[in-house]
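Report on the structure given below.
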Amino acid sequence: MTAPIVVAGASMAGLRAAEQLRAAGWDGPITLVGDEPHMPYNRPPLSKEVLAGKATFESLAFRPRAAVADVEWRLGTAVARADLDGRTVELSDGGTLPYRGLVVATGMRPRRLRCPGPVAGRHTVRTLADARGLREALTRPGVRVVVVGAGFIGCEVAATAVALGAAEVTVVDPMPLPMAGPLGELLAGALLTRHERRGVRFALGTGVTGFEGEDAVTGVALADGRVLPADVVVESVGSVANTEWLEGNGLDLTDGVLTDEHLRAGGRPEVIAVGDVARFPNARYDGVPRRVEHWSIPTDTAKHAARVLTAHLTGTDHGLEPFAPLPTFWSDQHDFRLQSFGSPALGREDVRVLEGDLDGDVLVGYHRDGLLVGVVSLGGQSAAAAAARHRAELLRQPAPPQPAPTA
């Protein structure tokens with residue numbers, strides 16, 4: 001029997017990889033392995049619609065394309081180890097799968113705070129089970145909520161908690177402004193103002209040193225000496241790549257899986273990485289490998305990598321230019337939306353208001369060496385439409401000259 005392509009990870013990136021393998025012409029067996037018991041589902045609503053009680057799991061589940069009806073699903077079982085030289089993966093249930101090609105799609109998991117104190121009452125938001133547990137906690141009357149981390153998830157959860165009627169919602173972050181990393185100071189300042197006007201409190205420029213309480217959290221101790229009362233704590237302090245199962249194979253796992261410009265890992269043409277676990281150079285900008293945790297990346301990486309892997313396994317030329325996606329993200333918070341195209345983080349030294357003003361609907365542009373590399377809108381539909389108009393300009397930007405990177 002022909003060994004399958006094994007897709008390690010059965011979330012959105014794994015599903016898209018299987019679909020794109022079929023679209024690229026691979027008609028051999030495919031096996032998807034995932035640690036959750038569920039079929040792939042859409043994660044962004046977990047911190048918004050699911051927490052707010054406006055979405056069910058059935059509404060989140062992706063509907064696989066007919067082309068992957070013959071794919072084997074191994075759910076509720078994690079990949080435990082890989083032998084890339086032997087082309088096998090070991091599973092947590094003790095099984096072993098040989099493979100012809102391997103797709104690394106194991107994604108990320110939430111980083112946890114290593115602080116003294118009780119564990120009960122502390123939550124993360126990554127899985128459906130996480131969201132269900134947090135919603136139950138947030139809907140208790142008079143609940144006091146402390147969100148640690150003022151990034152995408154933290155700000156979204158804070159907005160949802162206010163909408164659910166929490167008595168107090170406080171966001172803690174060592175940075176001076178929320179989402180300052182991806183947005184820069186100009187837009188982050190406007191975001192802070194909008195959250196405060198809607199009832200969210202902030203403790204910025206400080207960190208968490210511990211949690212108070214006996215059996216469950218009752219307070220959050222901060223580095224500046226304050227103690228915030230808390231019934232619910234949400235930890236949103238970044239992500240950790242699920243790459244331990246790949247250790248010992250000579251791959252660069254410093255931050256995710258380092259790949260070349262075609263998403264191949266470690267110089268192995270039969271091993272590709274997709275989704276937010278992949279650290280790849282984007283030919284649209286430069287040769288620096290970066291991970292990108294945006295909703296569009298699983299589909300973008302899967303489409304390119306599947307064609308590369310299929311071409312290798314069938315002995316044909318993939319004929320592709322180096323991978324050069326245009327990253328996209330959005331974030332719904334309260335009654336406004338952040339919408340982005342491009343890579344704003346690369347242009348934070350030259351930020352300009354392109355349309356509107358910071359007190360209303362606004363579009364901000366991010367420039368590097370005089371070229372527009374990203375736009376972010378803040379506000380309602382008119383702001384999002386303004387961002388979409390600039391997408392074509394970003395796509396037209398010429399790629400800088402660069403040597404071809406290697407994994």
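Worth knowing before you read on, the calculation uses all heavy atoms, side chains too, and leaves out hydrogens, waters and symmetry mates.
Side-chain contact between Arg135 and Leu164: present, with at least one pair of heavy atoms (C-beta onward) separated by less than 4.5 Å. Two residues are said to be in side-chain contact when any heavy atoms from C-beta on lie closer than 4.5 Å; Arg22 and Ile30 meet this criterion. Contact annotation: the side chain of Leu75 never approaches that of Pro37 to less than 4.5 Å [non-hydrogen atoms, C-beta and beyond]. A heavy-atom distance below 4.5 Å is found between the side chains of Val172 and Leu228. Counting heavy atoms from C-beta on, the side chains of Val79 and Leu91 come closer than 4.5 Å. You'll find the side chain of Phe202 reaches within 4.5 Å of the side chain of Pro178, heavy atoms only. Looking at heavy atoms from C-beta onward, Val233 lies in side-chain contact with Val148 at the 4.5 angstrom threshold. Contact annotation: the side chain of Arg307 never approaches that of Thr310 to less than 4.5 Å [non-hydrogen atoms, C-beta and beyond].
Shown here for Leu46 and Leu60, the closest heavy-atom pair between the two residues is CD2-CD1, 3.8 Å. Nearest heavy-atom pair, Pro40 versus Ala10, reported as atom, atom and distance to 0.1 Å: CG-O, 3.1 Å. The minimum heavy-atom distance linking Pro327 with Pro325 is given by the pair CD-O, 3.3 Å. Looking at every heavy atom in both residues, Arg87 comes nearest to Arg100 through NH1-O, 3.7 Å. Nearest heavy-atom pair, Phe280 versus Asp260, reported as atom, atom and distance to 0.1 Å: CB-O, 4.4 Å. Nearest heavy atom pair, residue Ser331 against residue Glu156, reads OG-OE2, 2.6 Å.
A salt bridge links Arg389 to Glu355: one of the charged nitrogens lies within less than 4.0 Å of a carboxylate oxygen. Between Asp300 and Arg16, no side-chain nitrogen of the basic residue sits less than 4.0 Å from a carboxylate oxygen of the acidic one, so the salt-bridge criterion is not met. Note on Glu19 versus Lys303: no salt bridge recorded, every NZ/NE/NH1/NH2 to OD/OE distance being 4.0 Å or above. A salt bridge links Arg291 to Glu293: at least one charged side-chain nitrogen sits closer than 4.0 Å to a carboxylate oxygen. A salt bridge links Arg201 with Glu168: the distance from a Lys NZ or Arg NE/NH1/NH2 to an Asp or Glu carboxylate oxygen falls below 4.0 Å. Contact check on Asp252 versus Arg279 returns a salt bridge, with a Lys/Arg side-chain nitrogen under 4.0 Å from an Asp/Glu carboxylate oxygen. A salt bridge is absent between Lys54 and Glu49: the closest approach of a Lys/Arg side-chain nitrogen to an acidic carboxylate oxygen does not fall below 4.0 angstrom.
A 6.0 Å sphere centred on CZ of Arg290 holds more than 12 heavy atoms belonging to other residues, nucleotides or ligands. Enclosure of atom CZ in Arg65 is not indicated, since only 12 or fewer non-hydrogen atoms of other residues, nucleotides or ligands lie within 6.0 angstrom. Heavy atoms from other residues, nucleotides or ligands lying under 6.0 Å from CD of Glu185 number 12 at most.
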Inset, instruction - Start with the C-alpha distance between Glu72 and Arg74, add both sets of side-chain angles, then the distance that settles salt bridge (charged side-chain N to carboxylate O under 4.0 Å, His left out), and finish with yes or no. - result: CA-CA 7 Å; Glu72 179 187 7; Arg74 302 282 293 267; 3.7 Å; yes
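Here the straight-line distance linking atom CG of Leu371 with atom CG of Leu346 works out to 12.0 Å at 0.5 Å rounding. Rounding to the nearest 0.5 angstrom, the gap separating the CD atom in Glu136 from the OG1 atom in Thr139 is 6.5 Å. Rounded to the nearest 0.5 Å, atoms OG (Ser377) and CG (Leu363) are 6.0 Å apart. The CG atom of Asp224 sits 3.5 Å away from atom OG1 of Thr206, with the distance rounded to the nearest 0.5 Å.
In this structure a side-chain-to-backbone donor-acceptor pair under 3.5 Å is present from Thr301 to Pro298. A donor-acceptor contact shorter than 3.5 Å links the side chain of His390 to the backbone of Ala386. When atom types are taken as modelled, the side chain of Thr88 and the backbone of Pro98 share no donor-acceptor pair closer than 3.5 angstrom. Remark: side-chain polar atoms of Asn249 are paired, donor with acceptor, to backbone N or O of Leu84 under 3.5 angstrom. Checked by atom type and distance alone, the side chain of Thr209 pairs as donor or acceptor with a backbone atom of Ala221 at under 3.5 Å. A donor-acceptor pair under 3.5 Å is formed between the side chain of Ser340 and the backbone N or O of Val375. In this structure, Asn242 contributes its side chain and Thr106 its backbone to a donor-acceptor pair below 3.5 Å. With hydrogens and angles ignored, the 3.5 Å screen pairs a side-chain donor or acceptor of Asp231 with a backbone N or O of Arg144.
Leu378 pairs in a side-chain contact (heavy atoms from CB on, under 4.5 Å) with only one of the listed residues (Arg337, Gln339, Arg194), which is Arg194. Exactly one of His262, His318, Glu321 qualifies for a side chain to side chain donor-acceptor pair (under 3.5 Å) with His304. That residue is His262. Residue His334 forms a side chain to side chain donor-acceptor pair (under 3.5 Å) with just one option from Arg197, His195, Arg198, and that option is His195.
Taking the six-membered ring for Trp, Phe152 and Phe329 have ring centres closer than 6.0 Å. Outside the 6.0 Å centre-distance limit, the rings of Phe62 and Tyr41 are not counted as a close aromatic pair.
Figure legend: cation-pi geometry between Arg368 and Tyr366 absent, as NZ or CZ is not positioned both under 6.0 Å from the six-membered ring centre and within 45° of its axis.
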